[in-house]
Amino acid sequence: MKVAGVILAAGIGKRMNSYLPKVLHKLSGRMMLQHVLNTLYKLKPQKVVVVVGKYFKEIKESIIQTNPPIPPLLKGGKGGLLRTQNSGLIFAQQKEAKGTGDALLRALPYLRGFKGTVVVVNGDTPLITRETLKKFLRFHEEKNDVISVLSFMSQETGSYGRIMRGKTGYITSIVEEMDATYLQKNIREVNSGVYAIDSDAFHLLKEIKLNESKGEYYLTDIIRIARNKGLKTGAYCIGSEAEFIGVNTREELEKARRLMKDRIIRRWTDRGVSFVDTTLVFISSDVKIGRDTIVYPNVHLEGNTKVGRGCTIYPNVRIQNSIIGDGAIIRDSTLIEDSVVKNRASVGPFAHIRPGSEIGTGAKIGNFVEVKKSVIGSGTKASHLTYLGDAKIGKDVNIGAGTITCNYDGYKKHITTIGDNVFIGSDSQLIAPVRIGKGAYIGAGSTITKNVPSKALALSRIEQRHLKGWALKRKSKVKSSKLKAKGAKS
Ligand code: UD1
Ligand code: CA
């Protein structure tokens, strides 16, 4: 079966009370619209049309720039709309939010020539799953329906459209809450906002009339129109209420977020990850975690982070878009951004690994150490109070407490290169650009401005002097000056 997808996302989302378009609100680190898109892509559609409204530019740009880009259809082609159209993702505009029926009509020109099933999904139902959509499409195909609706039984029927079934069980229409009679309101089977429509039936959209009570064109009316023409319509009550939660308010966003979070935690516990407290971890949808890793409370794993097997992530750690190797230990209160921490390395407590860094196998980055855009070789240790910026550091180097790479001269950033097996004494400043040759030693407290040859000892501090009896002399000096001052007063 050939499939195309349409996402309706042009509603204003007034009830969110936000400057941000509703479908760009995030849950579990991913925009609502992106959740829906990712799920749709799993059906391998020939194209996906996203109908957006007032915030056309913002939504289109956010989706295209999102990391990771929506695979694989966005790849290739040249910039702008052309690129997305060529690659299967199209943004159609509905300038005025005139209802879901009108919104789908805006997608029509982009589906011209497509023959198959069009899956329509609301952009504000981020929890739908591939499994349910697949099951739904199977029903649609098996039953030879022209139009199918995915429905579910709801405990809180609130703003959902109610499914009306005729004597034979066929769906006859969908009635919106606003237009429902008292009896209809008691119906628990509701419309999820997911439809499968045969491309041949698309012209029916044009027959939808304005609904006077809301001043909108209701897509749901297409069911009645099709039935009246004797076309086959179906409603399939599959999936759970939690999956179809429509996000219209912040409260519903929070509800969806919690459900999504539970789903993510469940996925990783099933795959052998331990959480000390599952209620207190925050894991984005795109994160991956290896088996036998232990995650302590108040840990945030964000973006495309990949944590290896057998790692320990202690409390209050935030890791963003980073790769953590097997057996690594990330200690308390550490921030890691856009970096790689290799196998068995240890980072923290209170460390900051800034973008572009690589911490080598078995390396140790300790208390109050900041690393920026630097490569730290395997087995190298920087255990305390250090800044390593724009540095290339070899293997088994020992960086003493308080070492600073002075990488910035006020205009430009410069590189510090440190060879294997170097020993940097505590409280040293390395004024970049500078190279420290393999196996060299830097005496504690040195300010290094010139390259240091391999195996040499570099010292740059004045020799220690002792002024004998200086303290006694100072004491008598102070005493006599105090006496003088007293005399002047009286
Ligand atoms: C809609 C359905 C309802 C269903 C519910 C499921 C209609 C008339 N009602 O109600 O039966 O139970 O979804 O969640 O379809 N949109 C546009 N353009 C518009 C209006 C809306 O693109 O002019 C988009 C919105 O961005 C949203 C989706 O369509 O993603 C649904 O719109 P919304 O206003 O949230 O409809 P509901 O009242 O939730
Ligand atoms: Ca809605």
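The structure displayed is predicted, hence computed values, not measured ones. Only this structure's heavy atoms are used, side chains among them; waters, hydrogens and symmetry mates stay out.
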Can you tell if the side chain of [X] reaches within under 4.5 Å of the side chain of [Y], non-hydrogen atoms only?
| X | Y | answer |
| --- | --- | --- |
| Ile147 | Leu204 | yes |
| Met31 | Ile63 | yes |
| Lys26 | Met32 | no |
| Thr157 | Ile187 | no |
| Leu40 | Arg130 | no |
| Ile313 | Val281 | no |

Using the ring-ring contact (aromatic ring centres under 6.0 Å, His included) rule, collect all pairs that involve [range], keeping only residues at least two apart or in two chains.
| range | result |
| --- | --- |
| residues 245-268 | none |
| residues 284-336 | Phe282-His300, Tyr296-Tyr314 |
| residues 203-255 | Phe139-Tyr236, Phe152-Phe244 |

Note: [X]-[Y] ion pair, threshold 4.0 Å (strictly below):
| X | Y | result |
| --- | --- | --- |
| Glu207 | Lys229 | yes |
| Arg258 | Asp262 | no |
| Arg30 | Asp286 | yes |
| Glu189 | Arg165 | yes |
| Asp200 | Lys115 | yes |

Note to self: Show, in sequence, the C-alpha distance, side-chain angles and deciding distance for Asp390 and His414, and conclude whether the side-chain contact (heavy atoms from CB on, under 4.5 Å) test is met.
What the structure shows: CA-CA 7 Å; Asp390 303 297; His414 300 281; over 6 Å; no
Next item on the list: Just do the side-chain contact (heavy atoms from CB on, under 4.5 Å) check on Thr233 and Val146 with the steps written out, would you?
Entry: CA-CA 6 Å; Thr233 51; Val146 173; over 6 Å; no
Please tabulate, for side-chain N and O atoms in residues 116-127, each donor-acceptor pair with protein atoms closer than 3.5 Å (sequence neighbours left out).
from, atom 1, to, atom 2, distance (Å)
Asp124, OD2, Lys22, NZ, 2.9
Thr125, OG1, Asn122, O, 3.0

Within the distance-only criterion (no hydrogens, no angle test), does the side chain of [X] pair as donor or acceptor with the backbone N or O of [Y] below 3.5 angstrom?
| X | Y | answer |
| --- | --- | --- |
| Ser374 | Lys372 | yes |
| Glu241 | Gln155 | yes |
| Thr405 | Asn407 | no |

Pairs in or reaching into [range]: which pass salt bridge (Lys or Arg N to Asp or Glu O under 4.0 Å), with residues at least two apart or in two chains?
| range | result |
| --- | --- |
| residues 323-339 | Arg309-Asp326 |
| residues 294-303 | Glu302-Arg318 |
| residues 137-159 | Asp145-Lys232, Glu156-Lys255 |

Checklist line | Over 12 foreign heavy atoms within 6.0 Å of CZ, Arg267 | finding: yes
Check: Given the rule in the side-chain contact (heavy atoms from CB on, under 4.5 Å) test, do Thr172 and Ile223 qualify, once you have shown the distances and angles that lead to the verdict?
Finding: CA-CA 7 Å; Thr172 52; Ile223 300 291; over 6 Å; no
Notebook entry, point to check: Would His25 and Ser18 count as having a side-chain donor-acceptor pair, cut-off 3.5 Å?
Noted result: yes
Next item on the list: Assess the side chains of Asp179 and Ser213: does a donor N or O sit below 3.5 Å from an acceptor N or O?
Entry: yes
By side-chain contact (heavy atoms from CB on, under 4.5 Å) - contacts of [X] (at least two apart):
| X | answer |
| --- | --- |
| Val23 | Ala9, Leu33, Ile59 |
| Glu58 | Tyr55 |
| Thr129 | Glu131, Thr132, Glu243, Arg263 |

Check: Could you give all pairs that pass the side chain to side chain donor-acceptor pair (under 3.5 Å) test and reach residues 96-109, with sequence neighbours left out?
Finding: Gln94-Asp102, Asp102-Arg106
Checklist line | Pairwise distance OG(Ser339) to CG(Asn321) - rounded to 0.5 angstrom | finding: 10.0 Å
Note to self: Quick check for you: to the nearest 0.5 Å, what is the distance between Thr305 atom OG1 and Ile323 atom CD1?
What the structure shows: 9.0 Å
Hey, can you pull the donor-acceptor pairs under 3.5 Å for the side chains in residues 356-365, sequence neighbours left out?
from, atom 1, to, atom 2, distance (Å)
Ser357, OG, Arg354, O, 2.9
Ser357, OG, Lys373, N, 3.1
Glu358, OE2, Lys342, NZ, 3.1

Margin query: Does Gln46 form a side-chain contact (heavy atoms from CB on, under 4.5 Å) with Phe114? I'd like the steps, not just the answer.
Written below: CA-CA 9 Å; Gln46 306 220 311; Phe114 170 78; 3.9 Å; yes
